[in-house]
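Reviewing the structure listed below.
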Amino acid sequence: MARSFPHSFVVCTCKHVTLGEIIYSIKEKGATTLEDLGNLTDAGTCCKSCQNSQSDIGVEKMELYLEEILNKFNKE
């Protein structure tokens, strides 16, 4: 996650979930897994392409994945 993304960046295009919503769910609601994020925000619950690069089925690949975000915050 070398690139800097604004909090308004849409991570999950199916459910229109932004990076800010994901960060809030991790920091304030205690999300630590993809399942937690899905339960709190609906992110990653539709086509699942935003979860990680292995599940990205789209022709145009995602710029940021939920697992990357979780990994960054789980290391802190």
Cluster check F73, L34: I/L/V/M/F/W/Y, side chain < 4.5 angstrom = yes
Taking the side chain as every heavy atom from C-beta outward, state whether K15 and C46 have any pair of such atoms under 4.5 Å apart.
-> yes
Is a side-chain N or O of S49 found less than 3.5 angstrom from the main chain of I57, in a donor-acceptor match?
-> yes
So which heavy atom on D36 is nearest to which on G30, and how close?
-> OD2-O, 4.2 Å
Positive for side-chain contact (heavy atoms from CB on, under 4.5 Å) with V11, one of T18, L64, V17 = L64
Donor-acceptor pair, K29 side chain versus Y24 backbone, under 3.5 Å?
-> no
If we only count heavy atoms from C-beta on, is the N74 to T32 side-chain gap below 4.5 Å?
-> yes
Got a donor-acceptor contact below 3.5 angstrom from the S55 side chain to the K48 backbone?
-> yes
Over all atoms of both residues, closest heavy-atom pair of C14 and C47 | SG-SG, 3.6 Å
At their closest point, which heavy atom of E68 faces which heavy atom of E63, and how far apart are they?
-> OE1-O, 4.4 Å
Okay, side chain of D56, backbone of M62: is any donor-acceptor separation there less than 3.5 Å?
-> yes
Listed partners of E35 passing salt bridge (Lys or Arg N to Asp or Glu O under 4.0 Å), at least two apart = none
Taking C-beta and beyond as the side chain, do I22 and I69 meet within less than 4.5 Å on heavy atoms?
-> yes
Closest heavy-atom pair and its distance - E21, T41 = O-CG2, 4.1 Å
Minimum heavy-atom distance between P6 and L19, given as atom pair plus value | O-CD2, 3.7 Å
Answer yes or no: is there a donor N or O on one side and an acceptor on the other, between the side chain of Q51 and the main chain of G44, under 3.5 Å?
-> yes
Heavy-atom donor-acceptor pair, T45 side chain to D42 backbone, under 3.5 Å = yes
Distance in Å, C50 SG paired with Y65 OH, rounded so as to fall on 0.5 Å steps | 9.5 Å
Report whether L37 and I23 are members of the same hydrophobic cluster (ILVMFWY, side-chain heavy atoms less than 4.5 Å apart, transitive linking).
-> yes
